[in-house]
Amino acid sequence: MEFKFDVSDIFPSSVVEINPSLIPPGFAGDRRGLTNVVAKVAEVVNAMGDASAAAQGLSNPITTAERLRKADQTVYLLVDREAKGGKGVVTGMLKTGKKSLYIFDRDGQHHHVSPPCVLDFYVHESRQRTGLGKQLFEHMLKKESAQPANLAIDRPSEKLLSFMTKHYGLQAPMRQMNNYVVFDGFFPDVGSADVTGDTPENGTKQAANGLQTYTGPLGRYGAPRPPCSMGQIIHNQTSIQSTETTGPQIASQ
Ligand code: ACO
């Protein structure tokens, strides 16, 4: 994507990391220069966010400079500094951030996790399927010290699912109610050394990587259930003596 200004002037390398300050790495200048460069970075982030939304058929962009300013997220930009006679073009964008999520595994067990998430990913149409996406993704993995299977992906497109299979062998996505997707390898084995000691009273196991597994009565089918009033009518019961397994009792009961 081309811009009116020289992209290679503000971005010093082929992959740059933009945090909520919107100050590009290596910036050195006075206050006026800072205002100027931040406005240019905001323009790039907005343009790439708009292009990504259009490519995904979304009516509103997921990535905007304004949102980035308010969130603890990172935007990685891929820059071709040689293009346009050395003025440079921006060819890709990848946004990541940690989110607090409840994720179900294949056994229906839910886990409270704060994994690094892939939130928005886009390579310019003129450069797709040439390996740039992989280059950007690999840079992000290194920076975040993450493995592909550690990531949760927000509403992945078919192209992104295909990308994950091709480059990282990740198949059979586990689609979640919250629209995130994870793959096998996301959950450490409950029996493995990765998960610490005893299950405390609240039924939670804490894994070394911060992943919490609810193993006790807080499981999917363990929510408190009211007694069945139809059953009471049939059996002519006045007092409630439910024999059904119920979840944890609420303190006020
Ligand atoms: N159709 C199907 N698979 C595709 C397509 C496509 N049009 N484009 C890329 N892929 C997948 C394929 O597995 C492809 O391998 P192949 O060419 O051998 O079939 C592989 O990606 C290519 O890898 P790269 O060249 O490294 O990836 P690329 O630079 O194309 O970037 C990306 C991948 C970001 C998904 C890009 O295709 C793109 O921007 N797509 C449009 C926007 C989009 O769908 N973004 C993801 C939204 S979901 C989210 O952001 C959380």
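In what follows, every heavy atom counts, from backbone to side chain, and hydrogens, waters and symmetry copies are set aside. Counting from 1, the numbers follow the sequence of the chain as shown. In listed order, ligands and their atoms are each counted from 1.
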Nearest 0.5 angstrom please: N36 CG to R31 CZ, how far? 14.5 Å
I'd like the residue list for ligand 1, meaning every protein residue with a non-hydrogen atom under 4.0 Å from the ligand.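 Within 4.0 Å of ligand 1, protein side: A55, Q56, V118, L119, D120, F121, Y122, V123, Q128, R129, T130, G131, L132, G133, K134, I153, D154, R155, P156, S157, K159, L160, S162, F163, K166, H167.
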Atom pairs and distances, side-chain donor-acceptor, residues 142-149, under 3.5 Å, sequence neighbours left out:
| from | atom 1 | to | atom 2 | distance (Å) |
| --- | --- | --- | --- | --- |
| K143 | NZ | E17 | OE1 | 3.4 |
| E144 | OE2 | Y76 | OH | 2.8 |
| E144 | OE2 | T96 | OG1 | 2.8 |

Can you name the residues that form a ring pair (Phe, Tyr, Trp, His ring centres under 6.0 Å) with F5, not counting sequence neighbours? F3
For F121, give me all partners under ring pair (Phe, Tyr, Trp, His ring centres under 6.0 Å), at least two apart in sequence or on another chain.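 Checked F121 against ring pair (Phe, Tyr, Trp, His ring centres under 6.0 Å); matches are F137, F163.
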Cluster question for you: counting only ILVMFWY and a side-chain heavy-atom cut-off of under 4.5 Å, with indirect links fine, are I62 and V75 together?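 No, no single cluster joins them.
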If you take all heavy atoms of P61 and D50, which pair is closest and at what distance?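 Heavy-atom minimum between the residues: CG-OD1, 3.5 Å.
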